[in-house]
Amino acid sequence: MDFFQAFILAVIQGLTEFLPVSSSAHLILPSRLLGWPDQGLVFDISVHVGTLMAVIIYFRKDLRRMLKNLFAWFFKKKPLDADGRMMLCVLLGTVPVGLCGLLFKHFIETSLRSDYVIAVTTIVFGLLLLGADIYNRRALKDPARENKTFEKVQDEAAQNGGAKEPAENASFVRHIADTLKNRDNVKAFALSVIIGFAQAVALIPGTSRSGITMTAGYFLRLAPETAARFSFLLSIPVIILSGLMGVKDLVFGNGEAGDAASGASVLMILIGTLVSFGVALLVIRLFLKFLTGIGLLPYVIYRMILGITLFIVLGSA
(Lines give C-alpha, C1' and ligand atoms only; values in the text may rest on other atoms or scores of the structure.)
Protein backbone atom coordinates (compact mmCIF):
# COMPACT_ATOMS: atom_id res chain seq x y z
CA MET A 1 0.00 0.00 0.00
CA ASP A 2 1.32 3.44 -0.95
CA PHE A 3 0.43 6.93 0.28
CA PHE A 4 -2.12 7.57 -2.48
CA GLN A 5 -4.10 4.40 -1.75
CA ALA A 6 -4.03 5.01 2.02
CA PHE A 7 -5.16 8.61 1.56
CA ILE A 8 -8.04 7.79 -0.82
CA LEU A 9 -9.34 4.89 1.27
CA ALA A 10 -9.19 6.99 4.44
CA VAL A 11 -11.11 9.81 2.74
CA ILE A 12 -13.73 7.29 1.58
CA GLN A 13 -14.12 5.97 5.13
CA GLY A 14 -14.33 9.46 6.62
CA LEU A 15 -16.99 10.51 4.12
CA THR A 16 -19.15 7.42 3.95
CA GLU A 17 -19.31 6.56 7.66
CA PHE A 18 -21.66 9.48 8.29
CA LEU A 19 -23.09 10.49 4.92
CA PRO A 20 -26.15 8.48 3.77
CA VAL A 21 -24.22 6.75 0.99
CA SER A 22 -22.76 3.27 0.82
CA SER A 23 -19.18 2.76 1.97
CA SER A 24 -19.17 -0.76 0.49
CA ALA A 25 -20.03 0.60 -2.94
CA HIS A 26 -17.22 3.14 -2.78
CA LEU A 27 -14.64 0.56 -1.84
CA ILE A 28 -15.45 -1.55 -4.91
CA LEU A 29 -14.60 1.11 -7.50
CA PRO A 30 -10.95 1.79 -6.53
CA SER A 31 -10.10 -1.90 -6.43
CA ARG A 32 -11.91 -2.55 -9.73
CA LEU A 33 -10.67 0.48 -11.65
CA LEU A 34 -7.16 0.79 -10.20
CA GLY A 35 -6.45 -2.83 -9.33
CA TRP A 36 -5.47 -2.04 -5.76
CA PRO A 37 -4.54 -4.91 -3.44
CA ASP A 38 -6.42 -5.59 -0.22
CA GLN A 39 -5.47 -2.88 2.28
CA GLY A 40 -5.49 -5.29 5.21
CA LEU A 41 -7.51 -5.69 8.38
CA VAL A 42 -5.25 -3.46 10.49
CA PHE A 43 -5.74 -0.55 8.10
CA ASP A 44 -9.53 -1.10 8.16
CA ILE A 45 -9.50 -0.94 11.95
CA SER A 46 -7.32 2.17 11.94
CA VAL A 47 -9.60 4.22 9.67
CA HIS A 48 -12.59 3.18 11.78
CA VAL A 49 -10.71 4.41 14.85
CA GLY A 50 -10.28 7.74 13.07
CA THR A 51 -14.02 8.13 12.46
CA LEU A 52 -14.75 7.02 16.03
CA MET A 53 -12.44 9.73 17.39
CA ALA A 54 -14.18 12.30 15.19
CA VAL A 55 -17.71 11.59 16.42
CA ILE A 56 -16.58 11.38 20.06
CA ILE A 57 -14.76 14.70 19.86
CA TYR A 58 -17.62 16.45 18.06
CA PHE A 59 -20.20 15.29 20.62
CA ARG A 60 -17.83 15.35 23.62
CA LYS A 61 -19.89 17.85 25.63
CA ASP A 62 -23.12 15.98 24.93
CA LEU A 63 -21.50 12.66 25.77
CA ARG A 64 -20.16 14.04 29.05
CA ARG A 65 -23.64 15.13 30.14
CA MET A 66 -25.21 11.90 28.92
CA LEU A 67 -22.75 9.69 30.76
CA LYS A 68 -22.95 11.79 33.93
CA ASN A 69 -26.72 11.42 34.20
CA LEU A 70 -26.69 7.77 33.12
CA PHE A 71 -24.20 6.88 35.86
CA ALA A 72 -26.23 8.88 38.38
CA TRP A 73 -29.34 6.95 37.30
CA PHE A 74 -27.59 3.59 37.48
CA PHE A 75 -25.47 3.96 40.62
CA LYS A 76 -27.32 6.61 42.63
CA LYS A 77 -30.86 5.77 41.47
CA LYS A 78 -31.51 9.30 40.23
CA PRO A 79 -34.23 9.96 37.60
CA LEU A 80 -33.17 10.01 33.96
CA ASP A 81 -33.05 13.38 32.28
CA ALA A 82 -33.08 13.88 28.50
CA ASP A 83 -29.29 13.43 28.27
CA GLY A 84 -29.03 10.25 30.31
CA ARG A 85 -32.03 8.78 28.54
CA MET A 86 -30.46 9.52 25.16
CA MET A 87 -27.37 7.53 26.14
CA LEU A 88 -29.54 4.65 27.29
CA CYS A 89 -31.42 4.86 23.98
CA VAL A 90 -28.13 4.65 22.09
CA LEU A 91 -27.22 1.49 24.01
CA LEU A 92 -30.66 -0.04 23.46
CA GLY A 93 -30.54 0.88 19.77
CA THR A 94 -27.28 -1.03 19.42
CA VAL A 95 -28.71 -4.32 20.70
CA PRO A 96 -30.53 -5.31 17.45
CA VAL A 97 -27.47 -4.90 15.22
CA GLY A 98 -25.34 -6.79 17.75
CA LEU A 99 -27.77 -9.72 17.87
CA CYS A 100 -28.32 -9.79 14.11
CA GLY A 101 -24.59 -9.61 13.53
CA LEU A 102 -24.02 -12.67 15.73
CA LEU A 103 -26.95 -14.63 14.26
CA PHE A 104 -26.51 -13.83 10.57
CA LYS A 105 -22.78 -13.05 10.22
CA HIS A 106 -22.03 -16.26 8.30
CA PHE A 107 -25.05 -15.89 5.99
CA ILE A 108 -24.23 -12.26 5.20
CA GLU A 109 -20.56 -12.99 4.49
CA THR A 110 -21.27 -16.01 2.29
CA SER A 111 -24.50 -15.04 0.53
CA LEU A 112 -24.81 -11.25 0.50
CA ARG A 113 -21.23 -10.02 0.15
CA SER A 114 -21.57 -9.68 -3.60
CA ASP A 115 -20.70 -6.73 -5.84
CA TYR A 116 -24.08 -7.01 -7.57
CA VAL A 117 -25.91 -7.07 -4.22
CA ILE A 118 -24.10 -3.86 -3.30
CA ALA A 119 -25.07 -2.23 -6.61
CA VAL A 120 -28.75 -3.18 -6.11
CA THR A 121 -28.94 -2.08 -2.46
CA THR A 122 -27.20 1.21 -3.26
CA ILE A 123 -30.10 2.06 -5.58
CA VAL A 124 -32.98 0.46 -3.65
CA PHE A 125 -32.14 2.01 -0.28
CA GLY A 126 -31.41 5.29 -2.01
CA LEU A 127 -35.00 5.33 -3.30
CA LEU A 128 -36.23 4.46 0.19
CA LEU A 129 -34.22 7.41 1.52
CA LEU A 130 -35.95 9.65 -1.03
CA GLY A 131 -39.36 8.42 0.11
CA ALA A 132 -38.47 9.15 3.73
CA ASP A 133 -37.25 12.64 2.87
CA ILE A 134 -40.45 13.49 0.97
CA TYR A 135 -42.66 12.08 3.74
CA ASN A 136 -40.75 13.92 6.47
CA ARG A 137 -40.86 17.29 4.69
CA ARG A 138 -44.61 17.02 4.15
CA ALA A 139 -45.29 15.80 7.68
CA LEU A 140 -43.26 18.53 9.36
CA LYS A 141 -45.07 21.29 7.50
CA ASP A 142 -47.42 20.87 10.45
CA PRO A 143 -45.15 21.44 13.52
CA ALA A 144 -47.64 19.57 15.70
CA ARG A 145 -46.78 16.33 13.87
CA GLU A 146 -43.09 16.45 14.77
CA ASN A 147 -42.04 13.52 16.92
CA LYS A 148 -40.29 15.08 19.94
CA THR A 149 -40.04 11.87 21.93
CA PHE A 150 -36.29 12.15 22.50
CA GLU A 151 -36.59 15.69 23.82
CA LYS A 152 -39.57 15.25 26.15
CA VAL A 153 -39.16 14.20 29.76
CA GLN A 154 -42.15 14.35 32.08
CA ASP A 155 -41.52 15.35 35.66
CA GLU A 156 -41.77 12.11 37.65
CA ALA A 157 -42.93 13.79 40.83
CA ALA A 158 -45.78 15.53 39.00
CA GLN A 159 -46.66 12.36 37.12
CA ASN A 160 -46.84 10.37 40.35
CA GLY A 161 -48.99 12.88 42.18
CA GLY A 162 -46.20 14.74 43.94
CA ALA A 163 -44.23 11.67 44.97
CA LYS A 164 -40.61 12.21 45.93
CA GLU A 165 -37.69 10.84 43.98
CA PRO A 166 -36.90 7.20 44.82
CA ALA A 167 -34.60 6.89 47.81
CA GLU A 168 -31.03 5.88 47.13
CA ASN A 169 -31.48 2.75 49.26
CA ALA A 170 -34.52 1.60 47.23
CA SER A 171 -34.13 -1.68 45.34
CA PHE A 172 -32.81 -1.54 41.82
CA VAL A 173 -35.91 -3.36 40.55
CA ARG A 174 -38.09 -0.64 42.08
CA HIS A 175 -35.84 1.98 40.51
CA ILE A 176 -36.25 0.40 37.05
CA ALA A 177 -40.01 0.17 37.57
CA ASP A 178 -40.17 3.86 38.47
CA THR A 179 -38.19 4.70 35.33
CA LEU A 180 -40.60 2.71 33.17
CA LYS A 181 -43.60 4.44 34.73
CA ASN A 182 -42.51 7.53 32.85
CA ARG A 183 -44.36 7.27 29.53
CA ASP A 184 -41.84 9.48 27.76
CA ASN A 185 -39.04 7.14 28.77
CA VAL A 186 -40.90 4.13 27.38
CA LYS A 187 -41.68 5.95 24.12
CA ALA A 188 -38.04 6.95 23.71
CA PHE A 189 -36.84 3.39 24.41
CA ALA A 190 -39.29 1.99 21.85
CA LEU A 191 -38.22 4.57 19.28
CA SER A 192 -34.56 3.71 19.76
CA VAL A 193 -35.20 -0.02 19.33
CA ILE A 194 -37.14 0.58 16.09
CA ILE A 195 -34.27 2.64 14.68
CA GLY A 196 -31.89 0.00 16.03
CA PHE A 197 -33.61 -2.70 13.97
CA ALA A 198 -33.34 -0.43 10.94
CA GLN A 199 -29.62 -0.14 11.68
CA ALA A 200 -29.37 -3.93 11.65
CA VAL A 201 -30.50 -3.86 8.01
CA ALA A 202 -27.23 -2.05 7.26
CA LEU A 203 -25.45 -5.37 7.78
CA ILE A 204 -26.52 -5.97 4.18
CA PRO A 205 -23.64 -4.54 2.12
CA GLY A 206 -24.52 -1.38 0.20
CA THR A 207 -27.30 -0.27 2.55
CA SER A 208 -25.45 2.52 4.45
CA ARG A 209 -25.76 2.56 8.23
CA SER A 210 -26.31 6.30 8.46
CA GLY A 211 -28.70 6.21 5.50
CA ILE A 212 -31.00 3.52 6.88
CA THR A 213 -31.09 4.96 10.42
CA MET A 214 -31.94 8.39 9.07
CA THR A 215 -34.58 6.81 6.81
CA ALA A 216 -36.20 5.24 9.87
CA GLY A 217 -35.97 8.48 11.84
CA TYR A 218 -37.55 10.45 8.99
CA PHE A 219 -40.45 8.01 8.67
CA LEU A 220 -40.93 8.31 12.44
CA ARG A 221 -41.29 12.09 11.96
CA LEU A 222 -38.13 13.10 13.80
CA ALA A 223 -36.74 16.49 12.87
CA PRO A 224 -33.81 16.09 10.41
CA GLU A 225 -31.28 17.34 12.97
CA THR A 226 -32.60 14.93 15.62
CA ALA A 227 -32.53 11.96 13.23
CA ALA A 228 -28.98 12.78 12.13
CA ARG A 229 -27.76 13.36 15.70
CA PHE A 230 -29.16 10.03 16.90
CA SER A 231 -27.68 8.29 13.85
CA PHE A 232 -24.24 9.74 14.61
CA LEU A 233 -24.46 8.79 18.30
CA LEU A 234 -25.52 5.25 17.31
CA SER A 235 -22.33 4.96 15.28
CA ILE A 236 -20.16 5.09 18.42
CA PRO A 237 -20.95 1.65 19.90
CA VAL A 238 -21.29 0.14 16.40
CA ILE A 239 -17.80 1.29 15.37
CA ILE A 240 -16.43 0.03 18.70
CA LEU A 241 -18.08 -3.36 18.20
CA SER A 242 -16.86 -3.53 14.62
CA GLY A 243 -13.34 -2.71 15.72
CA LEU A 244 -13.42 -5.33 18.47
CA MET A 245 -14.60 -7.95 15.98
CA GLY A 246 -11.72 -6.96 13.72
CA VAL A 247 -9.24 -7.28 16.58
CA LYS A 248 -10.70 -10.69 17.45
CA ASP A 249 -10.28 -11.88 13.86
CA LEU A 250 -6.77 -10.47 13.85
CA VAL A 251 -5.73 -12.17 17.08
CA PHE A 252 -7.67 -15.41 16.90
CA GLY A 253 -8.23 -15.68 13.15
CA ASN A 254 -6.77 -18.25 10.84
CA GLY A 255 -3.69 -17.82 8.67
CA GLU A 256 -5.77 -16.19 5.96
CA ALA A 257 -6.85 -13.46 8.38
CA GLY A 258 -3.27 -12.95 9.41
CA ASP A 259 -2.19 -12.53 5.80
CA ALA A 260 -4.99 -10.02 5.19
CA ALA A 261 -3.83 -8.00 8.17
CA SER A 262 -0.44 -7.19 6.73
CA GLY A 263 -1.45 -4.89 3.88
CA ALA A 264 -0.16 -1.59 5.30
CA SER A 265 2.90 -0.20 7.05
CA VAL A 266 2.79 1.66 10.34
CA LEU A 267 3.15 4.99 8.50
CA MET A 268 0.22 4.21 6.18
CA ILE A 269 -1.90 3.15 9.17
CA LEU A 270 -1.12 6.44 10.93
CA ILE A 271 -1.96 8.41 7.78
CA GLY A 272 -5.22 6.50 7.39
CA THR A 273 -6.25 7.19 10.98
CA LEU A 274 -5.49 10.91 10.83
CA VAL A 275 -7.06 11.47 7.42
CA SER A 276 -10.26 9.56 8.24
CA PHE A 277 -10.48 11.52 11.52
CA GLY A 278 -10.13 14.90 9.83
CA VAL A 279 -12.55 14.11 7.01
CA ALA A 280 -15.16 12.60 9.33
CA LEU A 281 -15.03 15.58 11.70
CA LEU A 282 -15.54 17.97 8.78
CA VAL A 283 -18.39 15.84 7.38
CA ILE A 284 -20.26 15.83 10.70
CA ARG A 285 -19.98 19.60 11.04
CA LEU A 286 -21.07 20.39 7.49
CA PHE A 287 -23.77 17.73 7.28
CA LEU A 288 -25.55 18.93 10.40
CA LYS A 289 -25.13 22.56 9.34
CA PHE A 290 -26.67 22.19 5.88
CA LEU A 291 -29.06 19.25 6.41
CA THR A 292 -32.24 21.29 6.80
CA GLY A 293 -31.45 23.48 3.81
CA ILE A 294 -30.34 20.93 1.20
CA GLY A 295 -32.26 17.87 2.42
CA LEU A 296 -31.36 14.36 1.31
CA LEU A 297 -32.10 14.65 -2.42
CA PRO A 298 -28.43 15.26 -3.45
CA TYR A 299 -27.41 12.04 -1.69
CA VAL A 300 -30.24 10.12 -3.36
CA ILE A 301 -29.15 11.35 -6.80
CA TYR A 302 -25.56 10.46 -5.97
CA ARG A 303 -26.59 6.94 -4.91
CA MET A 304 -28.48 6.45 -8.18
CA ILE A 305 -25.44 7.49 -10.22
CA LEU A 306 -23.14 5.35 -8.09
CA GLY A 307 -25.37 2.27 -8.37
CA ILE A 308 -25.65 2.59 -12.15
CA THR A 309 -21.89 3.13 -12.43
CA LEU A 310 -21.31 -0.05 -10.43
CA PHE A 311 -23.53 -2.05 -12.79
CA ILE A 312 -21.60 -0.65 -15.78
CA VAL A 313 -18.22 -1.41 -14.22
CA LEU A 314 -19.27 -4.90 -13.11
CA GLY A 315 -20.83 -5.64 -16.49
CA SER A 316 -17.69 -4.70 -18.34
CA ALA A 317 -15.38 -6.67 -16.07
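Note that the structure is a prediction, hence the values are computed from the model and not measured.
- Judged as a side-chain contact (heavy atoms from CB on, under 4.5 Å), and not counting sequence neighbours, the contacts of Lys148 are Glu146, Glu151, Lys152.
- For Ser23, the side chain to side chain donor-acceptor pair (under 3.5 Å) criterion is met by no residue, not counting sequence neighbours.
- Using modelled atom types, one side-chain atom of Thr121 and one backbone atom of Val117 make a donor-acceptor pair closer than 3.5 Å.
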Set out, in order, the CA-CA distance, both residues' side-chain angles and the distance that settles side chain to side chain contact (heavy atoms under 4.5 Å, CB included) for Leu310 and Asp115, then state yes or no. CA-CA 8 Å; Leu310 284 174; Asp115 292 350; over 6 Å; no
For side chain to side chain contact (heavy atoms under 4.5 Å, CB included), just list the numbers for Asn69 and Phe74, CA-CA rounded to whole Å, side-chain angles, deciding distance to a tenth of an Å, and then say yes or no. CA-CA 9 Å; Asn69 181 250; Phe74 190 86; over 6 Å; no
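- Surrounding CZ of Phe7 are at most 12 heavy atoms belonging to other residues, nucleotides or ligands under 6.0 Å away.
- Here the CG-OG1 distance, from Leu129 to Thr215, works out to 4.0 Å after rounding to the nearest 0.5 Å.
- Within the structure, ring pair (Phe, Tyr, Trp, His ring centres under 6.0 Å) pairs that include any residue of residues 83-135 comprise Tyr135-Phe219 (at least two apart or interchain).
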Candidate pair Ile57 and Phe277, rule side chain to side chain contact (heavy atoms under 4.5 Å, CB included), full reasoning: CA-CA 10 Å; Ile57 287 177; Phe277 164 75; 3.6 Å; yes
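- In terms of heavy atoms, Ile195 sits closest to Gly217 at CD1-CA, 4.3 Å.
- Here the side chains of Phe18 and Phe287 are not in contact, with every heavy-atom distance at 4.5 Å or above.
- Taking all atoms of both residues into account, the shortest heavy-atom contact from Ile284 to Val55 is CD1-CA, 3.8 Å.
- Between Leu270 and Ser46 there is no side-chain heavy-atom pair separated by less than 4.5 Å.
- Contact between Pro79 and Trp73 at its shortest, heavy atoms only, is C-CD1, 4.3 Å.
- Looking at residues two or more places apart in sequence or on another chain, you find no side chain to side chain donor-acceptor pair (under 3.5 Å) involving Asp133.
- Residues passing the side-chain contact (heavy atoms from CB on, under 4.5 Å) test with Leu67, sequence neighbours excluded: Phe71, Met87.
- Residues Leu180 and Asn185 are not in side-chain contact: their nearest non-hydrogen atoms beyond the backbone lie 4.5 Å or more apart.
- With rounding to the nearest 0.5 angstrom, the OG atom of Ser242 is 8.0 Å from the CD1 atom of Ile45.
- The backbone N or O of Ser171 sits nowhere less than 3.5 Å from a side-chain atom of His175 that would complete a donor-acceptor pair.
- Linking Ile, Leu, Val, Met, Phe, Trp and Tyr residues whenever their side-chain heavy atoms come within less than 4.5 Å places Leu234 and Leu70 in a single cluster.
- Residue pairs meeting the salt bridge (Lys or Arg N to Asp or Glu O under 4.0 Å) criterion with at least one member in residues 201-213, sequence neighbours excluded, are Glu17-Arg209.
- In this structure, Lys181 pairs ionically with Asp178, as a charged nitrogen and a carboxylate oxygen lie closer than 4.0 Å.
- Between Thr179 and Arg85 the shortest side-chain heavy-atom distance does not fall below 4.5 Å.
- Legend: residues meeting side chain to side chain donor-acceptor pair (under 3.5 Å) with Ser231, ordered by chain and number and at least two apart, are Thr213.
- The cluster map of Ile, Leu, Val, Met, Phe, Trp and Tyr, joined by side-chain heavy atoms under 4.5 Å apart, puts Val275 and Ile56 in the same cluster.
- Here the side chain of Arg145 pairs no donor or acceptor atom with the backbone of Ala139 at under 3.5 angstrom.
- The side-chain heavy atoms of Met86 and Phe230, taken from C-beta on, include a pair separated by under 4.5 Å.
- Judged by distance alone, the side chain of Ser276 and the main-chain N or O of Ala10 form no donor-acceptor pair under 3.5 Å.
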What's the verdict on side chain to side chain contact (heavy atoms under 4.5 Å, CB included) for Tyr58 and Leu288, showing C-alpha distance, side-chain angles and the deciding distance? CA-CA 11 Å; Tyr58 185 84; Leu288 289 174; 3.7 Å; yes
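- In this structure the side chain of Val90 reaches within 4.5 angstrom of the side chain of Pro237, judged on heavy atoms.
- Criterion: ILVMFWY side-chain heavy atoms under 4.5 Å apart, direct or through other members. Under it, Val95 and Leu244 are not part of a common hydrophobic cluster.
- Residues meeting the side chain to side chain donor-acceptor pair (under 3.5 Å) test with Thr94, sequence neighbours left out: none.
- No side-chain donor-acceptor contact under 3.5 Å links Thr207 to the backbone of Ala202.
- Side-chain contact between Ser22 and Thr16 is absent, with no heavy atoms from C-beta onward closer than 4.5 Å.
- Taking both residues in full, the closest heavy atoms of Phe43 and Gly272 are given as CE1-CA, 3.9 Å, listed atom of the first, atom of the second, then distance.
- Residues passing the side-chain contact (heavy atoms from CB on, under 4.5 Å) test with Thr149 are Asn147, Lys187, Ala188, Leu191, sequence neighbours excluded.
- The CZ atom of Arg303 lies 9.5 Å from the CG atom of Leu128; values are rounded to the nearest 0.5 Å.
- Cluster annotation: Phe59 is connected to Leu91 through the hydrophobic network of ILVMFWY side chains, with a link wherever side-chain heavy atoms come within less than 4.5 Å.
- Contacts classified as salt bridge (Lys or Arg N to Asp or Glu O under 4.0 Å) and involving residues 88-111 (residues at least two apart or in different chains) are given here: Lys105-Glu109.
- Side chains of Tyr299 and Leu130 form no contact here, defined as non-hydrogen atoms less than 4.5 Å apart.
- One hydrophobic cluster holds both Leu15 and Ile271 under the rule that ILVMFWY side chains link at heavy-atom gaps under 4.5 Å.
- The nearest pair of heavy atoms linking Pro20 to Gly211 is CB-CA, 3.6 Å.
- Sorted by first and then second residue, the salt bridge (Lys or Arg N to Asp or Glu O under 4.0 Å) pairs involving residues 47-67 (not counting sequence neighbours) are Asp62-Arg65, Asp62-Arg229, Arg65-Asp83.
- Listed for the Ser192 side chain is no donor-acceptor partner under 3.5 Å among the backbone atoms of Leu92.
- Of the inter-residue distances, the one linking Leu203 atom CG with Ile108 atom CD1 reads 4.5 Å to the nearest 0.5 angstrom.
- Contacts classified as salt bridge (Lys or Arg N to Asp or Glu O under 4.0 Å) and involving residues 189-207 (residues at least two apart or in different chains) are not found.
- Contact record, Ala6 with Met268: CB-SD, 3.9 Å, taken as the closest heavy-atom pair.
- Note: Phe189 CZ to Cys89 SG = 5.5 Å, rounded to the nearest 0.5 Å.
- Between the CD1 atom in Ile118 and the CG atom in Leu314 there is a gap of 9.0 Å [rounded to 0.5 Å].
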